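We name chains A, B, ... by the order of the sequence lines, and we start the count at 1 in each one. Computed from a predicted model, the values in this text were never measured in an experiment.
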Number of protein chains: 2
Amino acid sequence: MSNAYNRPDQLSPELRKRVLDTARRLGYPGPDPVARSLRTRKAGAVGLLLTENLSYAFRDPAAVGFLEGLALACEDAGHGLLLIPANPEHEDVAAVHSAGVDGFVVYSVPDDDPHLAAVMERPVPTVICDQPSISELDRVGIDDATAIKGLARHLIELGHRKIGVVCMRLARNRNDGPASPERQANAHFHVQRARLAALSEVFSEVGVEWDQVPVIERFDHTQESGGSAAAQLMEMDPEVTAVICTSDILALGALAEMRRQGRRVPQDLTITGFDGIVDAERAELTTVRQPVLEKGRAAGRLLLDASESTGQPREVVLDTQLITGSTAGSPRSVEERWFGP
Amino acid sequence: MSNAYNRPDQLSPELRKRVLDTARRLGYPGPDPVARSLRTRKAGAVGLLLTENLSYAFRDPAAVGFLEGLALACEDAGHGLLLIPANPEHEDVAAVHSAGVDGFVVYSVPDDDPHLAAVMERPVPTVICDQPSISELDRVGIDDATAIKGLARHLIELGHRKIGVVCMRLARNRNDGPASPERQANAHFHVQRARLAALSEVFSEVGVEWDQVPVIERFDHTQESGGSAAAQLMEMDPEVTAVICTSDILALGALAEMRRQGRRVPQDLTITGFDGIVDAERAELTTVRQPVLEKGRAAGRLLLDASESTGQPREVVLDTQLITGSTAGSPRSVEERWFGP
DNA sequence: CAGGCCTACTGAACCGTTACGGTTCCTGCA
DNA sequence: TGCAGGAACCGTAACGGTTCAGTAGGCCTG
């Protein structure tokens, strides 16, 4: 029966025609993809898990770039891309359990996310991107420590010693405000943890005590969050000369808010970002560019590549690039800052 | 067996525990989603078909907005969103046949697309968005004619009579250049056809002969296309005082190219777009805003709403809004244009 | 002419789950 | 003690396609 559809060489043309004709006459809608999937154990789709509302994937430019790359890889392999609804509020893992996919790409979820646990229970290949650092799984990412160290050294060369940090959420529970050193060290988002640790390391080398460095955390990843976090930071510690943000979105928000408050950037205050999104380029933000599209594509390739025979988990580490824009400059002395040059 | 997983109320807690324990011991990975789909006749996912490379969905801001809205609706219903790879070059319909979904959303495909035909053969509900106008199917869109007529009347009031048009692809075959009236009338992209027809109607009312109006078509929907199309247009007919683009992307490209050529907008030339994307706002483009996110959400709702009992195909028409930016002004006389004011 | 082989086609088992009906067993009431 | 009724549990039949073994018939060869 289904031979007529899929294996034209296995039967004579006239029988095939007869079968197809009667099938049409009977209103047969063609082979059922689900039944085929069950039998062949192939779904022809890749599942994407990310720990935000689904629509977030389309709001964050970095995520959009990643998705574009992933879509590219899927397309090459003729696979579909299934966006899995994983609301971070509800711990409803059903969507992961009911996703008919040949593998998962996990993007930017905390290492204690129940959805991630559910994915790992599924007997399909999985590629982790950026966020959780799980040793047994294939992984695509950047060297966060090295990347942000380059940025930090740049600021140190410019003369900055009084710095502050604005970072993205560190754990699944909301904490909009200062993040204690413990919270930093125990962060469930590996990327944020690595960046903070690297900053701590580099600045310690030049005598900056990390406990004294204000780190403001924001749960929501929006420009508004960046703005309010920067405001909170400057209120807590007005002597800060440089605000390091762990994402461009936050940095752009901080930039706008600081300028709104009448501070000149970079004369009065240095602001830096991370990611290298298009809007950052437009704003001439000093930042670290990471190849988001390539990241997505690499993740897809890793997942769909059949030559995964090696039992060893594979790892792809992509290069980053320091972008010196116009939002970082030398700090002015305190007198200058208060009384003008 | 699977009762233990899905129907805890049907059996006693200790049996459930025993079953689950032995299941784990035997390495049972949990109920198979594909088999469940087959049995329950539900896939828990919505398929999205669009006639571009998959990654295009993430490059065009209007498409991204649409996707965000669609994702929102899917999320509410706990459904996944499956992006179906439908390469417009290959007529490979297999991806449509093998998509395990409960329904399709078709976005912006030509009405003679083989993938669309394949979707219609599948016995699942389908919602059309914007592009193909198929009478039997549910549909979400805007009133393209009315929307662009408002824009056209605005230009007419400003005094424009010598206009040119830059439009997106009109059919599946590539034609980068002038589009003949026949090609316009036979366009397989309903939206483009409707807009051109509406423009023709309105300008005819004020004595403009449509055959004389240059319409430049571009296959690729990029800013580069918009720029080169505008250049070609002005070369063909230097007396044109207003370039109407059928998308913001094209308009932004035209704007950049015309300014690069030294023309002042709007003093020397008026340029308008369509869609109302963020970049257009930033560029103060005169355009028509359409609610792309709402469109996606409406499509999702329509598809997932069980109350589709009425045999009648449903239709949602969303409102649009004329945005008067700073890229449209009164035309200068020919003398002024050549010799300065 | 008989035996063997190849082609065209048919039938049945299996993929893993859910739905449903049937059986057992226990409790409560007369 | 007998019986009704319900809760708990179990067995089995689909769901629809793929695959593979098996069969019939035709053709070639010794």
Worksheet item: Within the modelled atom types, does a donor on one side and an acceptor on the other bring the side chain of Arg39(B) and the base of dT17(C) under 3.5 Å apart?
Response: no

Let me know the distance between [atom1] of [X] and [atom2] of [N], rounded to the nearest Å.
X: Lys42(A); N: dT19(D); atom1: NZ; atom2: C1'; value: 14 Å
X: Arg122(B); N: dG16(D); atom1: CZ; atom2: P; value: 13 Å
X: Asp32(A); N: dC15(C); atom1: CG; atom2: P; value: 19 Å

Item to complete: With sequence neighbours excluded, give me every ring-ring contact (aromatic ring centres under 6.0 Å, His included) pair touching residues 98-131 of chain B.
Response: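 ring-ring contact (aromatic ring centres under 6.0 Å, His included) check on residues 98-131 of chain B returns Phe66(B)-Tyr107(B).
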
Discussion item. It should be established whether Arg41(A) places a side-chain nitrogen or oxygen under 4.0 Å from OP1 or OP2 of nucleotide dG16(C).
Written reply: yes

Worksheet item: For residues 56-80 of chain B, which residue pairs qualify under salt bridge (charged side-chain N to carboxylate O under 4.0 Å, His left out), counting only residues two or more places apart or in two chains?
Response: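 Applying salt bridge (charged side-chain N to carboxylate O under 4.0 Å, His left out) to every pair that reaches into residues 56-80 of chain B, excluding sequence neighbours, yields Arg59(A)-Glu68(B), Glu68(A)-Arg59(B).
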
Fill in: Nearest listed nucleotide, side chain of Leu38(B), among dG16(C), dC14(C), dT17(C)
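So the nucleotide nearest the side chain must be dG16(C).
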
Discussion item. Any carboxylate oxygen within less than 4.0 angstrom of a Lys/Arg side-chain nitrogen, looking at Asp220(A) and Arg174(A)?
Written reply: yes

